[in-house]
Amino acid sequence: MSLRMAVLGLLAGLGPASGYDLTQRFDASLAFVWYAQHSQIYPELARLLESDLIEVVGEGARNSRTYAVTDAGHAEI
């Protein structure tokens, strides 16, 4: 499994999330098999956004963004 698929799967299965939320989800659900750091997740989010597999659905304090899977992202999964 690639980080790309792991991020898409978490967003599709658990709903919209920020990069910080995804890091917490990795720690809570995938840490036994795979550890992903902020420094890996945020660049992957940028690539997924550029590929139109996810979209920004909200923005918060300190430029935080909430991401959700697009229809193309669901098809990729």
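Computed from a prediction, not measured in an experiment: that's the story for all the values here.
Contact between Leu14 and Arg25 at its shortest, heavy atoms only, is CB-NH1, 3.3 Å. Shown here for Leu11 and Ala17, the closest heavy-atom pair between the two residues is CD2-N, 3.7 Å. The two residues Thr66 and Pro16 come nearest to each other via the heavy atoms CG2-CB, 3.7 Å.
Put simply, the side chain of Val57 does not reach to within 4.5 Å of the side chain of Tyr67, judged on heavy atoms.
A distance of 13.0 Å separates CG in Asn63 from OG in Ser18, rounded to the nearest 0.5 Å.
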Identify all side-chain donor-acceptor contacts of residues 44-51 below 3.5 Å with residues at least two apart in sequence or on another chain.
{"residue": "Glu44", "atom": "OE1", "partner": "Arg47", "partner atom": "NE", "Å": "3.3"}
{"residue": "Glu44", "atom": "OE1", "partner": "Arg47", "partner atom": "NH2", "Å": "2.9"}
{"residue": "Ser51", "atom": "OG", "partner": "Arg47", "partner atom": "O", "Å": "3.0"}

List the atom pairs, with distances to 0.1 Å, where a side-chain N or O of residues 69-77 and a protein N or O form a donor-acceptor pair under 3.5 Å, not counting sequence neighbours.
{"residue": "Thr70", "atom": "OG1", "partner": "Asp52", "partner atom": "O", "Å": "2.8"}
{"residue": "Thr70", "atom": "OG1", "partner": "Leu53", "partner atom": "O", "Å": "3.1"}
{"residue": "Thr70", "atom": "OG1", "partner": "Ala72", "partner atom": "N", "Å": "3.4"}
{"residue": "Thr70", "atom": "OG1", "partner": "Gly73", "partner atom": "N", "Å": "3.1"}

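In this structure, Ser64 has no side chain to side chain donor-acceptor pair (under 3.5 Å) partners at least two apart in sequence or on a different chain.
Atom OH of Tyr42 has more than 12 heavy atoms from other residues, nucleotides or ligands within 6.0 Å.
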